[in-house]
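Report on one structure; see the data block that follows.
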Amino acid sequence: MKIRCIVNGKQTDLETAPDRRVVDLLREDLGLCGTKEACGSGECGACTILVDGESRLSCLMIAAQLEGKEIVTIEGFSKEHLHPIQEAFIVHGAVQCGFCTPGMVLAAADLLKRNPAPDRHEIRRAISGNLCRCTGYQKIVDAIESLARVEEESDE
Amino acid sequence: MSEVALPASLEEVYAIRKREPGAAVLAGGTDLLVRMRADGKKPPVLIGLERIPGLSGIAIQDGVVRIGPMVTHQNLLDSPVIRKHLAVMHEAAQVLGSPPVRHMGTIGGNICTASPAGDLLPALYVLDAEVEISSPAKKRVVPIATFITGPGRTILTGQEILTGIRIPVPDPGYQGFYRKVGQRRALAISIVSMAALLMVSPDKTVRSARFAWGSVGPVVMRFPDVESSFAGRTFGPALLADVGRQYSERIRPISDIRASASYRKMVAAGLPLKILEQ
Ligand SMILES: Cc1cc2nc3c(=O)[nH]c(=O)nc-3n(C[C@H](O)[C@H](O)[C@H](O)COP(=O)(O)OP(=O)(O)OC[C@H]3O[C@@H](n4cnc5c(N)ncnc54)[C@H](O)[C@@H]3O)c2cc1C
Ligand code: FES
Ligand code: FES
């Protein structure tokens, strides 16, 4: 089946089985291996992508659903320089093995779009679908919180 | 391999199902795609409902809130109508899954999955929701408690599709609550859940109380005789403890991988008191 969509800002024509999982399509057909798969059943958030700006799980989406959609993976999230969310993760030591990081960063992007000044409780809720086996979450929450403060100050 | 169709109208859905009786309906996919992978089975055709305009949207008219089956949990949370008139549903949607599951999963999928642990279901039961079922031949409207007949079972037959949810707006004097206990705070299937609608006068007299319980039986449970016994009593911790005690005695939960029956009874006994926690 032919599918037209925008992947990381580029108009893309895909030729694939209509029920191919989006995570496989991204990783194996398009070589976008920043999107990870761990559980394959919606529980871990490692496969998070943005579809029309909203976070979704690519392990629970099939190729046909992408027709006409705009998809952003971690590869397309930053342009020339790292995105401020990525910078904050580095500065705050929120990355250890890095397996959860693409999903965490995109979950944070979804949150900050909906709520530019979240508190720690709201941040925890927003990343509650993303598992991290390394960091203990505190540093991830710190990283996202640092951006919330910046937004708040720039509002005043 | 499954063929995938994303029709733009119900007529097309019916036509595909007529041609391919084994076709499966796909809403947000958060139950169906997990189940398909676990079972290793693929239907010949997946019919995605996501591009049918009439199946989304939340509207209020003549005292009834009508919700399209493709409304996502996030859509429920974002809706001022739900927050204002159906607070119990807003609270239930808040504790369902995780943000991406709420962005993808739909109310129609939650209802048709018919899990006794489905988080929107106790809210729908306590609100006396009705569902609208459509087929090429006719449309019928039935109470949610009639629609769901057992764990994973509904009265849908043949080409029928769930096409709407209708909820009478409760008297503004009611306050709605949803409380759930799972194995962890997020992404947890409930061990016991409870939806409540309470009408309490300024002098703390209970005028009306409705409770619906999830994960304590094959389907969501309400007991009208127990509900009616609370009217006239004084609202407070003592009453809520008694509510818990009465339901804990009445329910017949099962033991499963998440919890034992006796633990479920204990949790149920304490759940009404959680109404007092914000
Ligand atoms: C990680 C994870 C966590 C979860 N946590 C929770 C939770 O905390 N609480 C909870 O309640 N659920 C939870 N779920 C289950 C699921 O997300 C919800 O039940 C969701 O509402 C299902 O909706 P859906 O649109 O994804 O359904 P789908 O998977 O698309 O469909 C489910 C079933 O309903 C049928 N169906 C859907 N729409 C219609 C229709 N209009 N007419 C006829 N049949 C239809 C489908 O054919 C299928 O059999 C979780 C799922 C995952 C993966
Ligand atoms: S791989 Fe998709 S949620 Fe875990
Ligand atoms: S950094 Fe290793 S899983 Fe999060």
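The chains referred to below are lettered A, B, ... by the order of the sequence lines, with proteins before strands, and numbering in each begins at 1.
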Of the backbone (N, CA, C, O) and the side chain (C-beta and beyond), which part of B:L32 lies under 4.5 Å from a heavy atom of chain A, both, or neither?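 For B:L32, neither part sits under 4.5 Å from chain A.
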Counting neighbours of CG on B:L6 that are heavy atoms of other residues, nucleotides or ligands and sit closer than 6.0 Å, is the number greater than 12? yes
Determine the minimum heavy-atom distance between A:A64 and B:V4, stating which atoms define it. CB-CG1, 3.6 Å
Work out which heavy atom in B:V101 is nearest to a heavy atom in A:G42; give both atom names and the distance. CG2-O, 4.2 Å
Atom group of A:L131 that falls short of 4.5 Å from chain B, counting heavy atoms: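 Side chain of A:L131 only, per the 4.5 Å heavy-atom cut-off to chain B.
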Using a heavy-atom cutoff of under 4.5 Å, enumerate the residues of residues 78-101 of chain A that contact chain B, numbered in order, or state 'none'.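 Not one residue of residues 78-101 of chain A has a heavy atom under 4.5 Å from chain B.
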Inter-chain donor/acceptor N,O pairs below 3.5 Å: chain A to chain B:
unit_1	atom_1	unit_2	atom_2	d
A:D19	OD2	B:S2	N	2.8
A:D19	OD2	B:K42	NZ	2.9
A:S55	O	B:H103	ND1	2.8
A:S55	OG	B:H103	ND1	3.1
A:R56	NH2	B:H103	O	3.3
A:Q65	O	B:R51	NH2	3.0
A:Q65	NE2	B:E50	OE1	2.9
A:E67	O	B:R51	NH1	2.9
A:E67	O	B:R51	NH2	3.1
A:R114	NH2	B:H103	NE2	3.0
A:R125	NH1	B:Q94	O	3.3
A:R125	NH2	B:Q94	O	3.2

When only pairs under 4.5 Å are counted, which of A:G129, A:G40, A:A17, A:C59 shares the most heavy-atom pairs with chain B?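 Ranked by heavy-atom pairs under 4.5 Å with chain B, first place is A:G129.
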